[in-house]
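Everything on this sheet refers to the single structure shown next.
Here is how names work: the chains are called A, B, and so on, in the same order as the sequence lines, proteins then strands, and each is numbered from 1.
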There are 2 protein chains.
Amino acid sequence: MPARRNPAASSESVDNYLKAILALSGPEERRVASTSLAARLGVAPASVTNMLQKLGAAPSPLVEYERHHGVLLSPAGRRRALEVLRHHRLIETFLYELLDYPIEEVHAEAERLEHFISERFEERIAAKLGHPKFDPHGHCIPAMDGKMPKQKSVSLTDVEHEGAFVVDSVSDWDAPLLKRLKARGIAPGVRLRTRRRTPDDDYAVSLGNSSRILHLSPDAAGAIRLCSVHH
Amino acid sequence: MPARRNPAASSESVDNYLKAILALSGPEERRVASTSLAARLGVAPASVTNMLQKLGAAPSPLVEYERHHGVLLSPAGRRRALEVLRHHRLIETFLYELLDYPIEEVHAEAERLEHFISERFEERIAAKLGHPKFDPHGHCIPAMDGKMPKQKSVSLTDVEHEGAFVVDSVSDWDAPLLKRLKARGIAPGVRLRTRRRTPDDDYAVSLGNSSRILHLSPDAAGAIRLCSVHH
DNA sequence: CTAATAATTTAGGTTCGCCTAAATCCGCGA
DNA sequence: TCGCGGATTTAGGCGAACCTAAATTATTAG
Ligand SMILES: [Mn+2]
Ligand SMILES: [Mn+2]
Ligand SMILES: [Mn+2]
Ligand SMILES: [Mn+2]
């Protein structure tokens, strides 16, 4: 009798659920609905329910789950999610900086490898990279203790007035889109000016000191987060 | 009805079976018995039979399997096994050369990662390393086309006469043993002299120009392969 | 040539992560 | 307050990759 080991200790799937909950619950740590998890993970809603029940019922649960009321990460779950996120972003940085990957390819590779590297690997690439604080998309890399500064950036889609900004980060979700942004010169750290717009306008911005105006699709704009420039 | 996809296309498990068959069938490509596969993979013999039946029955089989008569890799299976072996040894070299892993730790990490890296990753680390031909244990890294020069080394356990050799390779199988060998100065490329011995003697060798004699256990000797020095 | 021993396969069962179809629940608009 | 539609859960199943115990087959010593 193999003394039934702790179910759901961790696995690629579990890790991905935890990371998705972390992302979807946002800085305010809202409860996350199964449907949104299902959409994000590309699985059926029933599969989500199943997994959440299992995770929530384990001896030391990784999530706090209540029927019909969504989930939250438990402290242990949050710790694990941040660890995987740290792996993800360190790997991305490593691929970009040391292996010269094109930026739009780092995400997919990191998405797999994040689950399989050892603590030693994590530590070694972090050291090699000089303990970076940001990944190539401009996202913050959680520290080893799970601490991560709150982000105070806004989505370009939420800016309606004219203003001067710096690109904080770009979404890594959609590789082709990311490639297009790169081709247009939009990358973290780039200075960017917005113009006043009404809901019907497209997103018109100019970069650096150039006066050339770029017109961005809503998709593209949605992938860009900005910081104001009053340093 | 989701149009039943090619079963056993490839997976971590399948890869490990193929690699094990490649290793156990040796340069002469002997048929491999389920028992030896079971022992090497650390699974029950019944599990091996199961897997071999599945692999052998697939539309384009990765192995040629005959009840009660062991398996052989098919050309496709051999190709895949060599690809995974190439991954393994490139990753080991990468961890050793670029991430400063201690030699006894590279194997375990490579054993996992070999299944999850992309072609791009493979190509990039190979380039970064200058397309190495040997891994840190002295094992040959298969080329991209799967070609690999025949090894013409002998196990230290098969040497009974006095002679001058160069250490060709050390086994990566047993990390503690590997660490001990390292501590004793035994590594690929090191010059090593054997003395005449009878089956009851231990393995007595001296390294480089030193006259100091090392006495090796059968385990240690079994982990060392030698080349003669007539260059 | 036979019989026992060793190797191998078959039978039956588990866990994980997923799916579809069929309930069920819940909040909101009339 | 009622009931409807969307969100969610339940029920029933599947394939991978394992396992143990019980056949079965091969080999080999006498
Ligand atoms: Mn992932
Ligand atoms: Mn990123
Ligand atoms: Mn492996
Ligand atoms: Mn090796």
Quick one: is D:dA17 close enough that its OP1 or OP2 comes under 4.0 Å of any side-chain N or O from B:Lys54?
-> yes

NE2 of A:His115 versus C1' of C:dC16: gap in Å, rounded?
-> 16 Å

Should A:Ser47 be listed as having a side-chain N or O under 4.0 Å from OP1 or OP2 of C:dC19?
-> yes

Hey, could you give me each pair passing ring-ring contact (aromatic ring centres under 6.0 Å, His included) that has a residue in residues 38-92 of chain B? Not counting sequence neighbours.
-> B:His88-B:His107

For DNA chain D, which residues in residues 17-25 of chain B have a heavy atom at a distance below 4.0 Å?
-> B:Tyr17

5' precedence on DNA chain D between A:Glu66 and A:Asn50 (nearest-nucleotide basis) = A:Glu66

Can you sort out the partners of B:Ser13 under side-chain contact (heavy atoms from CB on, under 4.5 Å), two or more places apart, ordered by chain and number?
-> B:Ser11, B:Met51

Partners meeting side-chain contact (heavy atoms from CB on, under 4.5 Å) with A:Pro132 (sequence neighbours left out) | A:Leu90, A:Thr93, A:Leu129, A:Ile141

B:Glu114 and B:Arg86, any side-chain heavy atoms less than 4.5 Å apart | no

Once you round to the nearest 0.5 Å, how far does CG of B:Leu55 lie from OG of B:Ser74?
-> 9.5 Å

Measure the distance from NE2 on A:His69 to C1' on C:dC25 and round it to the nearest whole Å.
-> 9 Å

Could you tell me whether A:Ser13 contacts a base, only the sugar-phosphate backbone, or nothing, with contacts defined as non-hydrogen atoms closer than 4.0 Å?
-> sugar-phosphate

Taking atom C1' of D:dC18 as reference, at what distance in whole Å does atom CG of B:Leu41 sit?
-> 12 Å

B:Asp15: salt bridge (charged side-chain N to carboxylate O under 4.0 Å, His left out) partners, not counting sequence neighbours = B:Arg80

Rounded to whole angstrom units, what separation is found between the CD atom of A:Glu12 and the C1' atom of C:dC18?
-> 14 Å

Determine the contact category for A:Ser34: base if any of its heavy atoms lies under 4.0 Å from a base atom, sugar-phosphate if only primed atoms, P, OP1 or OP2 are that close, otherwise nothing.
-> sugar-phosphate

Atom CG of B:Asp15 to atom C1' of D:dA17: distance rounded to whole Å?
-> 14 Å

Per atom distances to the B:His68 side chain, the nearest of D:dT9, D:dT25, C:dA11 is D:dT25

Salt bridge (charged side-chain N to carboxylate O under 4.0 Å, His left out) partners of residues 28-43 of chain B, not counting sequence neighbours, each pair once | B:Glu28-B:Arg30, B:Glu29-B:Arg78, B:Arg31-B:Glu64

Checking D:dT20, D:dA17, C:dT10 against the side chain of B:Arg67 (C-beta onward), the nearest is C:dT10

Side-chain atoms of A:Met51 come closest, of D:dA17, C:dT9, C:dG17, to C:dG17

B:Thr49 side chain N/O closer than 4.0 Å to the phosphate oxygens (OP1, OP2) of C:dT9?
-> yes

Measure from CG on B:Leu52 to P on D:dA17 and round the result to the nearest Å.
-> 12 Å

Starting at atom CG of B:Leu55, determine the distance to atom P of D:dA17, rounded to an integer number of angstrom.
-> 8 Å

